[in-house]
Amino acid sequence: MRLSPRHPRYRSLTTRVGLARAHRTGLVVAEGLIAHGRGEAFDYLLGERTSPSARRAETAAAGWLRAARRPVVSVNGNVAALAAREVARIARALPRVAVEVNLFHRTPGRARAVAGALERAGVQEVLGVRPTARIAGLPSDRARVDRRGIYVADVCLVPLEDGDRAQALRRRGQKVISVDLNPLSRTSRTADLPIVDEVRRALGHIADDLERPARRSPARWAPFDAARALSDALETIDRRLNRAAARRPTRRPRA
Ligand code: ATP
């Protein structure tokens, strides 16, 4: 199918084509396509761009990753299909960051496919293909992790997460940075630092920040107001909906 770059939904449509292809190769599961649809709907409501508040969250996230002793980026099939390059940029800019495959729908073949996509994008070492530890109290395959990665991480960047694991990580005292377009999801509401933005944009901005020299001492944790970040996103949606509603054409009385 040929898409015109002039089509108003060009970007979103080409992303869908890429995800459908990734589904056919086994990288993305059917459930991942549906989850993407939920994300797309929120992105539509948010104006398909990074808000100033989300951009501040991304800068704070880069600071937290820098300040961490054992930072980890957790990668599932959708993240590998949408943003492998951005993950590789983060890993290059901050070599201390571990990159780990973590899947809700895990098969050995899918784990290898995710790792392959990351390696082709330039990630040197990918953890989690053969899990070596388990996070207690988490029933899904998300519990299966690498002893050198998520298991011992102090800061976990978890794009497109599910709420259960975000809660489990927090219970273990690990700081959770989420990337989720839905400000109402359990993940966003659980995270210490929720980023309400599209994953490719969010990880790209974090990489931009990490590629610049640090302005403050990397040992310093900047406080982050998570509740404020979520209400900013809801206000953005509210403002846009109100504006759209105000533009509603008034019905002409019938002649
Ligand atoms: P929770 O368990 O946190 O309440 P959920 O049941 O909505 O979440 P999933 O279906 O696992 O969770 O998650 C997909 C989440 O990822 C959705 O909240 C969706 O908004 C978000 N999402 C999907 N695609 C993207 C994307 N490209 N960028 C950012 N977020 C996305």
Side-chain angles (χ1 to χ4, degrees), residues 10-19 21-23 25 27-28 32-33 35-36 39-40 42-43 46 48-66 68 71-103 111 113-129 149-150 153 155-161 166 176-182 187-188 191 193-214 229:
Y10 176 73
R11 218 149 355 129
S12 143
L13 292 174
T14 48
T15 300
R16 283 185 189 177
V17 171
L19 275 178
R21 197 176 298 137
H23 174 54
T25 66
L27 186 62
V28 168
L33 298 179
H36 181 76
E40 263 192 345
F42 277 99
D43 207 18
L46 286 159
E48 294 175 305
R49 68 169 85 97
T50 304
S51 68
S53 170
R55 189 66 189 86
R56 284 193 295 277
E58 289 153 2
T59 297
W64 281 27
L65 291 172
R66 265 204 178 107
V72 170
V73 184
S74 171
V75 180
N76 68 8
N78 281 38
V79 175
L82 293 170
R85 249 185 307 173
E86 287 72 13
V87 172
R89 281 179 59 206
I90 290 173
R92 244 191 325 269
L94 192 66
R96 201 166 61 255
V97 171
V99 176
E100 178 165 340
V101 178
N102 186 269
L103 301 173
V114 172
L118 291 167
E119 282 159 4
R120 280 194 298 283
V123 178
Q124 300 275 324
E125 187 184 14
V126 180
L127 303 179
V129 175
I150 290 170
V155 173
C156 298
L157 171 57
V158 291
L160 318 193
E161 185 62 10
V176 173
I177 303 171
S178 65
V179 179
D180 188 333
L181 280 157
N182 178 1
T187 300
S188 292
L193 199 167
I195 298 171
V196 183
D197 198 5
E198 195 279 324
V199 67
R200 195 186 304 156
R201 294 197 301 266
L203 298 187
H205 290 147
I206 293 172
D208 290 344
D209 288 341
L210 290 173
E211 284 162 359
R212 283 188 211 110

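Residue Glu58 holds its CD atom at 10.0 Å from CG of Leu193, rounded to the nearest 0.5 Å. From Ile206, atom CD1 reaches atom CG of Leu94 across 11.5 Å, with rounding to the nearest 0.5 Å. Rounding to the nearest 0.5 Å places OG1 of Thr50 at 12.5 Å from CZ of Arg56. Taking OG of Ser178 as the reference point, atom CD1 of Ile195 lies at 7.0 Å (rounded to 0.5 Å). Annotation: the span from Ser12 atom OG to Glu198 atom CD amounts to 10.0 Å, rounded to 0.5 Å. Interatomic distance, NE2 of His205 versus OG1 of Thr59, reported as 9.0 Å (0.5 Å rounding).
Annotation: salt bridge (Lys or Arg N to Asp or Glu O under 4.0 Å) contacts involving residues 113-126, sequence neighbours excluded, comprise Glu125-Arg148.
Ser74 places no side-chain N or O within 3.5 Å of a backbone atom of Val158 that could act as its donor or acceptor partner. Between the side chain of Arg89 and the backbone N or O of Glu211, no donor-acceptor pair lies under 3.5 Å. Of the possible donor and acceptor atoms, one in the side chain of Ser188 sits under 3.5 Å from a partner among the backbone N and O of Asn182. The closest donor-acceptor contact from the side chain of Asn78 to the backbone of Gly32 lies under 3.5 Å. Formation of a donor-acceptor pair under 3.5 Å by the His23 side chain with backbone atoms of Val28 is found in this model.
Here Arg200 pairs with nothing under the side chain to side chain donor-acceptor pair (under 3.5 Å) rule; sequence neighbours left out. Every residue two or more places apart in sequence or in another chain was checked for a salt bridge (Lys or Arg N to Asp or Glu O under 4.0 Å) with Arg21, and none qualifies.
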#### Entry: Criterion side-chain contact (heavy atoms from CB on, under 4.5 Å) on Val79 and Val73, from CA distance to verdict
CA-CA 10 Å; Val79 175; Val73 184; 6.0 Å; no

### Query
Going through the distances and angles, do Leu203 and Val199 end up as a side-chain contact (heavy atoms from CB on, under 4.5 Å)?
CA-CA 6 Å; Leu203 298 187; Val199 67; 3.9 Å; yes

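Salt-bridge check for Asp43 with Arg11: failed, with every basic side-chain N at 4.0 Å or more from each acidic carboxylate O. Under a 4.0 Å N-O distance rule, the pair Glu40/Arg16 qualifies as a salt bridge. Between Arg55 and Asp197 there is no salt bridge, since no side-chain nitrogen of the basic residue lies less than 4.0 Å from a carboxylate oxygen of the acidic one.
Considering all non-hydrogen atoms of both residues, Val75 and Ala80 come closest at CG1-N, 3.8 Å. Leu181 and Phe42 get closest at one heavy-atom pair: O-CB, 3.3 Å. Shown here for Val101 and Ala115, the closest heavy-atom pair between the two residues is CG2-N, 4.1 Å. Annotation for Leu210 and Ala62: closest pair CD2-O, 3.6 Å, computed over non-hydrogen atoms. Taking every heavy atom of both residues into account, Pro194 and Ala229 meet most closely at O-CB, 4.1 Å.
Counting heavy atoms from C-beta outward, Val114 and Leu103 have side chains that approach closer than 4.5 Å. Residues Val179 and Leu157 have side chains in contact (heavy-atom distance under 4.5 Å, counting atoms from C-beta outward). Within the 4.5 Å cutoff, no side-chain heavy atoms of Val72 are placed close to those of Val97. Looking at Ile90 and Val99, their side chains never come closer than 4.5 Å, going by heavy atoms from C-beta outward. Within the 4.5 Å cutoff, the side chain of His36 has heavy atoms near those of the Thr15 side chain. Counting heavy atoms from C-beta outward, Asn76 and Asn102 have side chains that stay 4.5 Å or more apart. Two residues are said to be in side-chain contact when any heavy atoms from C-beta on lie closer than 4.5 Å; Leu33 and Leu19 meet this criterion. Looking only at side-chain heavy atoms (C-beta outward), Asp180 and Glu161 stay at 4.5 Å or farther from each other.
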